[in-house]
A.B. asks: 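Got a structure for you, questions after.
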Amino acid sequence: MNFSINKKRISFSVLTVLIILCNFSVYRVNAFGPLPQYMGWATLFDFLIVIPLLAYLFIFRRQSALKYLPLVILAGYWLAEIIVPARNSPDAQWLTSLILGMEGIWIAAELFFLVPKLVKTTIAFRKDSGRTCHFQHDFREALSRQFKLTRKMECLLTECALFRYAFFSWTKRVRRSSAHHFSYHKKTSAVAFRLMLIHALLIESVGFHYLLMHWSHTAAILLLALNLYTLLYLVADIQVIRTCPILLDDYELILQSGLAQGLRVQFSNIQSIEHFRGPEHLSKEEQRRTFDALPQEFSKEKPAFEMKLKTPETARLLYGFTKRVDTLHVSVDENNLFFERVKEKLEMLT
């Protein structure tokens, strides 16, 4: 099924590129000689009729995907305006008004259906946000009630979490370790490691930006934007580590190892918890199947505990990526209390 979908997308991409190249060549290659005035209308036909029709046949056959067809028409009109020279451009002001009007109606219809869902999502998130104190878990759960969690939605969730923790989490009270919340950073150098990276990034940004400005302003601006995004990520990662402890709920264990990965495990799916006695370095296969809840720091430390799962669970990574794990590696600031609490939870189920 995936092969069939990819084949259709490749076919659409190839045909679209051929149409664009053919129209571009007609206006840029002198071998074709003087072009008739109606050539501009032919290009508009290709970009406003042919390409959207190909998009419908190869990609947007599902009814739920038809809403993206107006975007294809708008992109086609924009490309036609760029490719067609002014001397061959048709005098069709009414067409511009028509397309802009159609896009306006499309945006209004999208907002009409989207805004009520966003309001319901916000209400649900505010209602449940105090239960786990983990923004990503709570917001994902609220979104799943109103939207299908596609890769695009997961990317949006990652960006929301990044900006929330980078800008709006500084007044959030840091929870102290208790019988239900366990911090995992106070006895590590995780925060210091990220502060060091921020310091190095700031120095590198100034130096490279100055050098690149003498070569390419565009490259300098792009590198500066990338460095700023990386800086925001590191700040948000620090805040997640500080404000999102490991949570022992009534029925599940919630792990959030920085901004990069998170996992929710029902206690009924935990087979055992033992003190870690394995090797310092895991094999690639073991790394692929293990959720390492220890934040990255200057040197890799051994985890305090290893949990085995009865059935594999799905760990959530950045931008919608996932991995299946059947082993958890965990260390907290209060190791003895954490071990006792998890053991109590497992004994209650037996």
Side-chain angles (χ1 to χ4, degrees), residues 131-138 140-141 161 174-191 193 237 240-297 299-318 320-350:
R131 189 176 68 86
T132 68
C133 75
H134 288 190
F135 172 80
Q136 287 158 287
H137 295 294
D138 295 335
R140 179 180 287 107
E141 188 172 331
V174 180
R175 292 179 180 265
R176 296 183 177 181
S177 294
S178 64
H180 301 284
H181 301 84
F182 295 88
S183 61
Y184 56 92
H185 69 283
K186 296 179 181 178
K187 297 181 179 180
T188 69
S189 58
V191 174
F193 176 69
D237 202 36
V240 174
I241 293 173
R242 290 180 59 251
T243 62
C244 295
I246 293 174
L247 175 62
L248 295 182
D249 206 342
D250 294 334
Y251 305 101
E252 62 183 353
L253 171 67
I254 302 179
L255 304 168
Q256 185 66 47
S257 180
L259 191 66
Q261 57 179 353
L263 179 66
R264 304 179 75 154
V265 183
Q266 298 287 329
F267 285 113
S268 58
N269 194 32
I270 299 178
Q271 182 177 345
S272 63
I273 177 172
E274 302 292 342
H275 291 279
F276 182 77
R277 296 183 177 86
E280 184 173 353
H281 299 288
L282 302 178
S283 64
K284 290 185 178 181
E285 178 62 23
E286 290 174 327
Q287 292 178 9
R288 188 181 63 84
R289 297 185 291 104
T290 301
F291 181 87
D292 189 359
L294 280 67
Q296 187 176 5
E297 45 184 325
S299 60
K300 179 65 177 176
E301 300 292 337
K302 283 188 177 183
F305 308 110
E306 181 177 77
M307 299 184 191
K308 293 293 186 179
L309 304 182
K310 298 176 182 177
T311 58
E313 293 279 357
T314 300
R316 300 284 183 179
L317 309 180
L318 290 173
F321 290 97
T322 61
K323 75 172 183 177
R324 300 285 288 176
V325 297
D326 57 17
T327 304
L328 314 180
H329 286 173
V330 183
S331 292
V332 296
D333 296 327
E334 301 292 339
N335 283 327
N336 293 332
L337 180 59
F338 178 79
F339 186 78
E340 293 174 2
R341 289 292 298 167
V342 175
K343 276 290 189 181
E344 289 177 5
K345 295 286 187 180
L346 297 182
E347 289 174 359
M348 291 174 59
L349 297 174
T350 57

A.B. asks: Mind listing the closest non-hydrogen atom pair of I254 and E252 along with its distance?
C.D. replies: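 For I254 and E252, the tightest heavy-atom pair comes out as CD1-OE2, 3.7 Å.
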A.B. asks: Between the side chain of K323 and the main-chain N/O of T290, is any donor-acceptor distance below 3.5 Å?
C.D. replies: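 Yes; judged by distance alone, with no hydrogens or angles, the pair exists.
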A.B. asks: Looking at D326, V325, L309, which hits side chain to side chain contact (heavy atoms under 4.5 Å, CB included) with R289?
C.D. replies: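 Going through the options one by one, the only one that passes is D326.
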A.B. asks: Can you confirm whether the side chains of T314 and R324 place a donor and an acceptor under 3.5 Å from each other?
C.D. replies: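 Distance-only check passes for T314 and R324.
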A.B. asks: Mind listing the closest non-hydrogen atom pair of H181 and P245 along with its distance?
C.D. replies: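 What the structure gives for the nearest pair is CB-CG, 3.9 Å.
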A.B. asks: Taking it one step at a time, do F135 and V240 satisfy side chain to side chain contact (heavy atoms under 4.5 Å, CB included)?
C.D. replies: CA-CA 9 Å; F135 172 80; V240 174; over 6 Å; no
A.B. asks: When you measure from the side chain of N269 to the backbone N and O of Q266, does any donor-acceptor pair fall under 3.5 Å?
C.D. replies: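 Between the backbone of Q266 and the side chain of N269 there is no qualifying donor-acceptor contact (under 3.5 Å).
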A.B. asks: Please answer whether the main-chain N or O of E306 pairs with a side-chain N or O of E274 as donor and acceptor at a distance below 3.5 Å.
C.D. replies: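 Pair absent, no side-chain N/O of E274 close to backbone of E306.
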A.B. asks: Side chains of T311 and E313: do they bring a donor and an acceptor to under 3.5 Å?
C.D. replies: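 No donor-acceptor contact under 3.5 Å links the two side chains.
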A.B. asks: Looking at NZ of K308 and CD1 of I273, how far apart are the two atoms once the value is rounded to the nearest 0.5 Å?
C.D. replies: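 Here the interatomic distance stands at 13.0 Å.
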A.B. asks: Can you name the closest pair of heavy atoms from I270 and M307 and give their distance?
C.D. replies: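 The answer is CD1-SD, 4.2 Å.
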A.B. asks: When you measure from the side chain of D333 to the backbone N and O of K187, does any donor-acceptor pair fall under 3.5 Å?
C.D. replies: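 Such a contact is found between D333 side chain and K187 backbone.
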A.B. asks: Does any N or O in the side chain of D237 come within less than 3.5 Å of the main-chain N or O of L259, such that one atom is a donor and the other an acceptor?
C.D. replies: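 Yes, because the side chain of D237 sits within donor-acceptor range (under 3.5 Å) of the backbone of L259.
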A.B. asks: Taking all atoms of both residues into account, what is the closest heavy-atom pair of P295 and I241, and its distance?
C.D. replies: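 Looking at all heavy atoms of both residues, the closest pair is CB-CD1, 4.1 Å.
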A.B. asks: Got more than 12 heavy atoms from elsewhere within 6.0 Å of OH, Y251?
C.D. replies: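 12 or below, so no.
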A.B. asks: Taking the six-membered ring for Trp, are H329 and F291 ring centroids under 6.0 Å apart?
C.D. replies: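 No: the rings miss the under 6.0 Å criterion.
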A.B. asks: Between E286 (side chain) and S283 (backbone), is there a donor-acceptor pair under 3.5 Å?
C.D. replies: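 Looks like yes, one N/O pair under 3.5 Å.
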A.B. asks: Is the F182 ring parallel, tilted or perpendicular to the F338 ring (thresholds 30°, 60°)?
C.D. replies: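 It falls in the perpendicular class, over 60°.
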A.B. asks: So among D292, L294, I246, which one has a side chain to side chain contact (heavy atoms under 4.5 Å, CB included) with S331?
C.D. replies: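 Answer after filtering D292, L294, I246: L294.
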